[in-house]
Amino acid sequence: MENKENQSHVFWYVWIGICTILIILVAVGFTLFVNRKPEVIENEENGGKVVLNYASNISGLRLVETAPVSDSVAIKNMTEGQYFDFSVDVTLDNAASIEYEIAAIKDPKNTNISDEDIRIYLEKEDSGSYISLLEPSKFIPLAKESEFGSEKGSMSLATVTRKKKTTDHYRLRIWLSDTSALPAGNFSIDVVVNGIAK
């Protein structure tokens with residue numbers, strides 16, 4: 001009789017042990033299933049490239065103690081340091097076209113001229129000569145980041161669309177407006193290019 005009771009107890013101990021192990025395995029499996037990271041399949045495609053090129057050691061213009069000048073004189077000024085030549089290389093890979101934005105970023109540490117008093121002018125080379133792309137205007141900062149990624153506070157100078165590999169040449173000029181009350185001033189900007197493949 002006692003032997004049967006011992007066998008009955010052993011049976012129940014084994015049964016409870018097996019059930020406990022099964023419950024633990026189910027709980028661990030459920031936890032792993034719930035907390036698993038989703039499988040991410042990355043398919044990276046290279047739409048194309050937009051590259052800014054310039055010959056100087058700075059990517060823009062620095063005016064130091066510059067005097068006011070009229071628009072008609074400034075747009076023809078060929079004095080070294082008064083203009084910035086740069087090019088934009090566009091290469092298409094998987095995209096049908098690339099749209100890029102040329103923007104100017106003001107350096108507040110080296111600037112004491114107001115946005116109203118600065119004049120900015122952009123030309124594009126066409127068949128060996130430069131034509132106006134942005135007429136002389138004051139510096140107009142973006143209120144928010146542009147769709148191309150140009151930061152808030154920078155100024156969008158031009159937006160260009162290209163459907164084939166090409167190199168575009170530009171000339172940028174900035175000067176202190178002759179309507180400014182300042183006798184001289186400092187202004188510093190850098191040029192950036194951001195593109196979107198389409």
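Predicted model only: the values in this text are computed from it and were never measured. FYI, side chains are in, hydrogens and waters are out, and symmetry mates aren't considered; it's all heavy atoms of this structure. When a residue number appears, it is its place in the shown sequence, counting from 1.
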If I compare all heavy atoms of [X] with all of [Y], which pair ends up nearest, and what's the gap?
X    : Y    : answer
L92  : S97  : CD2-C, 3.7 Å
T167 : S87  : CG2-CB, 4.0 Å
I118 : L176 : CD1-N, 4.5 Å
A103 : S154 : CB-OG, 4.3 Å
A104 : I189 : CB-CD1, 3.9 Å

If you round to the nearest 0.5 Å, how far is [atom2] of [Y] from [atom1] of [X]?
X    : Y    : atom1 : atom2 : value
Y100 : L52  : OH    : CG    : 10.0 Å
I23  : I21  : CD1   : CD1   : 10.5 Å
T166 : I98  : OG1   : CD1   : 11.5 Å
S56  : F86  : OG    : CZ    : 11.0 Å
I131 : D126 : CD1   : CG    : 4.5 Å

Set of residues satisfying side-chain contact (heavy atoms from CB on, under 4.5 Å) with respect to S72, sequence neighbours excluded: S70

Check side-chain contact (heavy atoms from CB on, under 4.5 Å) between N112 and all other residues, then give those that pass, not counting sequence neighbours. N186

Ignoring hydrogens and angles, tell me if any N or O in the side chain of S188 forms a donor-acceptor pair with the backbone of R62 under 3.5 Å. no

Donor-acceptor check, side chain of T111 to backbone of I113, threshold 3.5 angstrom: yes or no? no

Using the test salt bridge (charged side-chain N to carboxylate O under 4.0 Å, His left out), find all partners of [X] that sit at least two apart in sequence or belong to another chain.
X    : value
K138 : E116
E123 : R173
D107 : none

[X] vs [Y] side-chain heavy atoms within contact, under 4.5 Å:
X    : Y    : result
R171 : L122 : no
L63  : I174 : yes
I102 : V191 : yes
F187 : T66  : no
V90  : K165 : no
D168 : R162 : yes
P136 : I120 : no
L142 : S156 : yes

By the rule that ILVMFWY residues connect when side-chain heavy atoms come within less than 4.5 angstrom, directly or transitively, which residues belong alongside [X]?
X    : value
W175 : V69, V73, I75, Y121
F148 : I196
V192 : I105
Y83  : M78

Can you say whether the rings of Y54 and F84 are parallel (under 30°), tilted (30 to 60°) or perpendicular (over 60°)? tilted

For side-chain contact (heavy atoms from CB on, under 4.5 Å), just list the numbers for K124 and S132, CA-CA rounded to whole Å, side-chain angles, deciding distance to a tenth of an Å, and then say yes or no. CA-CA 6 Å; K124 183 178 181 299; S132 175; over 6 Å; no

Which is it for S177 and D117 under the side-chain hydrogen bond (donor to acceptor under 3.5 Å, both in side chains) test, yes or no, and what are the steps along the way? CA-CA 5 Å; S177 172; D117 286 343; 5.6 Å; no

Test side-chain contact (heavy atoms from CB on, under 4.5 Å) on V50 and N194; report intermediate values, then the result. CA-CA 7 Å; V50 177; N194 296 299; over 6 Å; no

Considering only residues two or more places apart or on different chains, which pairs with a residue in residues 141-154 satisfy salt bridge (Lys or Arg N to Asp or Glu O under 4.0 Å)? none

Which salt bridge (Lys or Arg N to Asp or Glu O under 4.0 Å) pairs, counting each pair once, include a residue from residues 64-83, with sequence neighbours left out? D71-R119

Please assess L172 against D85 for the test side-chain contact (heavy atoms from CB on, under 4.5 Å), listing each intermediate value before the final yes or no. CA-CA 6 Å; L172 178 70; D85 285 346; over 6 Å; no

Among residues at least two apart in sequence or on other chains, which ones pass side-chain hydrogen bond (donor to acceptor under 3.5 Å, both in side chains) with S129? none

Applying salt bridge (charged side-chain N to carboxylate O under 4.0 Å, His left out), run through K106 and D115 and close with a yes or a no. CA-CA 10 Å; K106 183 171 59 173; D115 294 346; 2.5 Å; yes

Steps toward salt bridge (charged side-chain N to carboxylate O under 4.0 Å, His left out) verdict (E99, K198): CA-CA 8 Å; E99 193 171 7; K198 296 190 174 184; 2.7 Å; yes

